Every structure is written in structure tokens, then in C-alpha cells.
Amino acid sequence: RKEVEQDPGPFNVPEGATVAFNCTYSNSASQSFFWYRQDCRKEPKLLMSVYSSGNEDGRFTAQLNRASQYISLLIRDSKLSDSATYLCVVNIVSGAGGSYIPTFGRGTSLIVHP
Amino acid sequence: DGGITQSPKYLFRKEGQNVTLSCEQNLNHDAMYWYRQDPGQGLRLIYYSQIVNDFQKGDIAEGYSVSREKKESFPLTVTSAQKNPTAFYLCASRSGTASYEQYFGPGTRLTVT
């Protein structure tokens, strides 16, 4: 079982739609969660951090459910420019030193059409 | 402007040659990372370094080597032992603790024929 799993999609939605992605993680000791956006052939860029209490940034809402070990990203009022791959990142403890290593899901592709 | 630079953007090599990818950051970050991304795939960790003169293997370190002689620099060498070196290579850095996000360089697209 992979440590961080995402549905690869693609999610194909019309402009104005609301779309939600989930990301599950296997290690209950994980801490620090993030959503990144990656455009085709570009580097990932931070979209938002995910806090235990949930957080919102404009049309984007991120939530963490520690009991069920998943994080979610909700996008409201989708724009054409939201078309991209959304990567979840979970910091997983690794090694004898107990350091936290950022571990990526394979990403979920979103296509917003007119 | 602070940031991470990777060079070159595109790199072409013949099979059997070693090649070194550059990664430099001026963010004063302690930790640096190298990832590989194949088409339609997520990022896979090759090596990481949390402090100068120390680095650790990631999930797919075979066929790669790194050095961390300076805080700002974390070059990656793709050796001839790497079976499938053609990929998109991404370097990232972050402030030391896990609660901070990573920043990525623009990546190097390596093609080996």
C-alpha cells in the first residue's frame, strides 16, 4: 500500500462547478500536510497548507481528518485557470533520527471546461 | 530575489555518460531535496540533505549520487548505473522543520539516448 494515495482522475468539470479531491495517508504519525498545484511541465507550487481546524483561501478549502487519515481540497466556482494537477504532500517520519520527510501523492488531474 | 535555481533547463546525454544537475538556493534553507518525476507520475525522492556535509538516500537512490559541501548547493549526479535516467528532475528546499513548506526550482528535463 502506498503511503500517500490520490485518485489520479482526470476530473472533468464545467466552469462554475464545485469539485473535491481526497488524499489518504497510511502513517498515523504523519504531520504537516500541504496541497500543491503543478501545471504541465512546470514545478509544483504551494497552493495551501492544511491545518487541523481546516482552512480556507478564497475559493479553496482544505480539511484534515486525522481519525480517517485523509486530507481534502474543495474548489468552488471552478475557473478555466484551475486546470492543473493537484498534489498532496504528507510529512512522514522516517529513519532512526525521526526526521519528517515530505511524501507526495501521484496527483489528481483537474480539467475545467467552458 | 530569493529562490532556487536549477540548470540547465534541458539536458541531452548519450547513454553511458555521467551527468551532473545543478541546484542552488539563496533562501538560507537547511534542507534540500532531489525528486524525479516521470510522465503521469508523482514525485519520487532520490536524495535529501538536512544539513551541510550530510545526506540521506530516498526511495530511488540507486544510480544517483549527491554532495552537500555548501548550504546553498546540492548537485545531483546521474551515473551510468541508472537504468532509466530520462525524466524531469526537481530540486526543492525548505526551512529545517517539517511544518514549513518546500520551495521548488524550475526543474531539469534530462533526456538520455
Side-chain angles (χ1 to χ4, degrees), chain A residues 2-10 21 23-25 27 29-52 55 57 62 64 71 84-109 111, chain B residues 2-7 9-10 21 23-25 27 29-51 54-61 86-111:
Chain A
K2 291 186 179 178
E3 291 182 307
V4 180
E5 296 205 57
Q6 291 182 257
D7 180 347
F21 311 135
C23 170
T24 59
Y25 59 94
N27 189 326
S30 300
Q31 65 162 255
S32 303
F33 308 86
F34 303 92
W35 282 102
Y36 280 74
R37 170 192 169 126
Q38 186 175 26
D39 292 294
C40 188
R41 302 177 74 83
K42 298 282 190 181
E43 74 274 22
K45 294 190 177 177
L46 180 70
L47 180 64
M48 56 199 304
S49 304
V50 186
Y51 302 124
S52 297
N55 47 301
D57 182 1
L64 167 63
I71 63 173
T85 297
Y86 292 84
L87 302 166
C88 72
V89 182
V90 176
N91 279 275
I92 296 176
V93 65
S94 176
S99 53
Y100 283 85
I101 306 302
T103 303
F104 285 74
R106 62 177 290 188
T108 297
S109 176
I111 301 169
Chain B
I4 302 176
T5 56
Q6 289 185 246
S7 60
K9 190 170 183 179
Y10 298 97
L21 281 56
C23 177
E24 304 278 331
Q25 55 99 359
L27 300 167
H29 285 170
D30 292 309
M32 298 186 73
Y33 307 82
W34 273 106
Y35 294 92
R36 167 185 175 137
Q37 188 174 36
D38 294 285
Q41 302 296 315
L43 279 65
R44 292 186 289 167
L45 183 64
I46 304 173
Y47 268 99
Y48 64 98
S49 168
Q50 305 210 87
I51 197 168
D54 186 52
F55 49 82
Q56 307 294 330
K57 291 182 179 180
D59 299 320
I60 56 165
T86 295
F88 186 39
Y89 290 88
L90 287 157
C91 178
S93 72
R94 76 173 177 193
S95 183
T97 64
S99 58
Y100 290 95
E101 67 273 20
Q102 290 174 303
Y103 292 85
F104 283 85
T108 291
R109 205 164 290 275
L110 173 65
T111 302

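Computed from a predicted structure; not experimentally measured. The sequence lines fix the lettering, A, B, ..., with proteins before strands; numbering per chain opens at 1.
Counting heavy-atom pairs under 4.5 Å between each of B:G42, B:P39, B:G40 and chain A puts B:G42 at the top. Residue with the most contacts toward chain A among B:A92, B:P106, B:G107, B:G58: B:P106 (heavy-atom pairs, distance under 4.5 Å). Interface check for chain A: of the options B:Q56, B:R109, B:Q6, the most heavy-atom pairs under 4.5 Å are formed by B:R109.
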Audit row: A:Q38, B:Q37, side chain to side chain donor-acceptor pair (under 3.5 Å) steps and yes/no: CA-CA 12 Å; A:Q38 186 175 26; B:Q37 188 174 36; 2.8 Å; yes

Full working for side-chain contact (heavy atoms from CB on, under 4.5 Å) between B:D59 and A:E3: CA-CA 12 Å; B:D59 299 320; A:E3 291 182 307; 5.5 Å; no

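Both the backbone and the side chain of B:L43 have a heavy atom closer than 4.5 Å to some heavy atom of chain A. Proximity to chain A is absent for every atom of B:R44, based on heavy atoms less than 4.5 angstrom apart. The contact between B:F88 and chain A is made entirely by side chain atoms (from C-beta outward), counting heavy-atom distances below 4.5 Å. Neither the backbone nor the side chain of A:Q6 comes within less than 4.5 Å of any heavy atom in chain B.
Looking at A:Y36, its side chain does come within 3.5 Å of a backbone N or O of B:Q102 through a donor-acceptor pair.
What you find for B:G105 and A:E43 is that their closest heavy atoms are O-CB, 3.0 Å.
Contact of the B:L90 side chain with the A:P44 side chain is registered, since non-hydrogen atoms from C-beta on lie closer than 4.5 Å.
Counting non-hydrogen atoms of neighbouring residues, nucleotides and ligands closer than 6.0 angstrom, the CG atom of A:L46 exceeds 12 such neighbours. Crowding of B:Y103 atom OH: a count of heavy atoms from other residues, nucleotides or ligands under 6.0 Å not exceeding 12.
Distance check: B:Q50 CD to A:I101 CD1 gives 5.0 Å after rounding to the nearest 0.5 Å.
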